[in-house]
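One structure is given below, encoded as structure tokens.
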Amino acid sequence: MKDSGEPDFLALGYVTITRDPRTQLVVTSRCTPEAAGILETVGRFRDGGVQYLRQPHDMPVEQQRHYATAAAQALLISGFSVYLDPSLNTLATPDGDRAAAHRYLDQLTERAGKATDDKQVAEILAEVAAPTEGLLSHLVQTLITTWATWSQRTEGALSKDDLAMRLMDTTSGLSRGGDEIRRIRSQAAAKPAAPQPPAPPGPAASPPARGR
């Protein structure tokens, strides 16, 4: 810790998202205004001091992790270098914890069902199709590894009817789909917010009573 009591950030040169061991707050290093805007909008961070941003004191732990991961994904999509503390990464499921992965997917589905504008849709798509950390990217990498080890056991040239070849073709299609989702996400994020409908007129005021 520094003498001022502010968190130390060990991964210099990156937007660092970590947990301060002294306060247990999720904090992030001070960064460019563009990155700070993403952190505030996607990660629910707010001004915490001269050198860092922080999440609210009363945010539940699962929400801390969820918003920290979402902010990291949005920063990566926007071209920033990011260090995310592994303990905050909801995409990391230690010990093969399938239940945690399913909870994350359920939460993402719930957020998708509640999206009310293009910006919120773009946030969902960023988590699904981020180039290296998105859900689809992880799935494609798993399938590529499966295909590679499977095809090594086949003898002779692969044919169109070979199951490993069919898996490779399907995986390539998923990868191309991820590219298209990222293009859709970028266009959705760039769309201006829809104007709000005017408020309905209030009840007409009654004319003042005339004296007799």
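Numbers for residues simply follow the sequence, beginning at 1.
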Q. With the 4.5 Å side-chain cut-off for hydrophobic clustering, are Leu25 and Val61 part of the same group?
A. no
Q | Inter-residue atom distance Thr18.OG1 - Leu84.CG, 0.5 Å rounding | A | 8.5 Å
Q.
For a side-chain contact (heavy atoms from CB on, under 4.5 Å) check, start with the C-alpha distance between Tyr67 and Met59, then their side-chain angles and the critical distance, and finish with the verdict.
A. CA-CA 10 Å; Tyr67 287 122; Met59 181 176 286; 3.8 Å; yes
Q | Exercise: identify the closest heavy-atom pair between Pro56 and Arg46 | A | CG-NH2, 3.4 Å
Q | Short side-chain donor-acceptor distance under 3.5 Å, Thr23 and Asp20 | A | yes
Q: For the residue pair Tyr104 and Glu127, confirm or rule out a side-chain donor-acceptor distance under 3.5 Å.
A: yes
**Q.** Heavy-atom closest pair, residues Leu88 and Ala68
**A.** CB-CB, 4.3 Å
**Q.** Intermediate values then yes/no, side-chain contact (heavy atoms from CB on, under 4.5 Å), Arg111 and His66
**A.** CA-CA 11 Å; Arg111 287 176 57 201; His66 168 77; 2.8 Å; yes
Q | Non-hydrogen atoms of Ile181 and Ala129 that approach each other most closely | A | CG2-CB, 3.5 Å
Q. Does the side chain of Cys31 come within less than 4.5 Å of Leu39's, by heavy atoms?
A. yes
Q | Atom of Ala71, atom of Phe45 and distance for their closest heavy-atom approach | A | CB-CE1, 4.4 Å
Q: Would you give the length of the straight line joining atom OG1 of Thr170 to atom CG of Leu143, rounded to the nearest 0.5 angstrom?
A: 8.5 Å
Q: Please confirm whether the backbone N or O of Val26 pairs with a side-chain atom of Arg19, one donor and one acceptor, at under 3.5 Å?
A: no
Q: For Phe80 and Ile38, work out which heavy atoms get closest and say how close.
A: CE1-CD1, 4.1 Å
Q.
So, taking the atom named CG in Leu76 and the one named OG in Ser81, what distance separates them when rounded to the nearest 0.5 Å?
A. 8.0 Å
Q. Lys114 and Glu110: salt bridge (charged side-chain N to carboxylate O under 4.0 Å, His left out), yes or no, with the steps?
A. CA-CA 6 Å; Lys114 293 180 179 179; Glu110 183 178 359; 3.0 Å; yes
(Q) Check this for me: does any side-chain nitrogen of one of Glu40 and Arg44 sit under 4.0 Å from a carboxylate oxygen of the other? (A) no
Q.
Donor-acceptor check, side chain of Gln64 to backbone of Gln55, threshold 3.5 angstrom: yes or no?
A. no
Q.
Once rounded to the nearest 0.5 Å, what's the spacing between atom CG of Leu105 and atom OG1 of Thr90?
A. 9.5 Å
Q | Heavy-atom closest contact (Leu136 atom, Gly177 atom, distance) | A | CD2-C, 4.4 Å
Q | Arg185/Ile77 under side-chain contact (heavy atoms from CB on, under 4.5 Å): CA gap, chis, key distance, verdict | A | CA-CA 10 Å; Arg185 179 262 163 201; Ile77 287 289; 3.2 Å; yes
(Q) Please check this pair: side chain of Thr149 against backbone of Thr145, looking for a donor-acceptor N/O pair closer than 3.5 Å. (A) yes
Q) Is Arg182 paired with Asp179 through a side-chain N to carboxylate O contact shorter than 4.0 Å? A) yes
Q. Any side-chain heavy atom of Leu163 within less than 4.5 Å of one from Leu167?
A. no
Q) Run the side-chain contact (heavy atoms from CB on, under 4.5 Å) check on Val15 and Thr32 step by step: do they pass? A) CA-CA 9 Å; Val15 179; Thr32 66; over 6 Å; no
Q. In this structure, which one of Ile17, Leu75, Thr16, Val82 forms a side-chain contact (heavy atoms from CB on, under 4.5 Å) with Thr28?
A. Ile17
Q: Would you check if the side chain of Ser137 reaches a backbone N or O of Pro131 as a donor-acceptor pair within less than 3.5 Å?
A: yes
Q) So does Lys191 pair up with Asp118, basic N to acidic O under 4.0 Å? A) yes
**Q.** Polar side-chain atom of Arg65 near backbone of Asn89 as donor-acceptor pair, under 3.5 Å
**A.** yes
Q. Taking atom CZ of Arg166 and atom CG of Asp169, what is their separation to the nearest 0.5 Å?
A. 9.5 Å
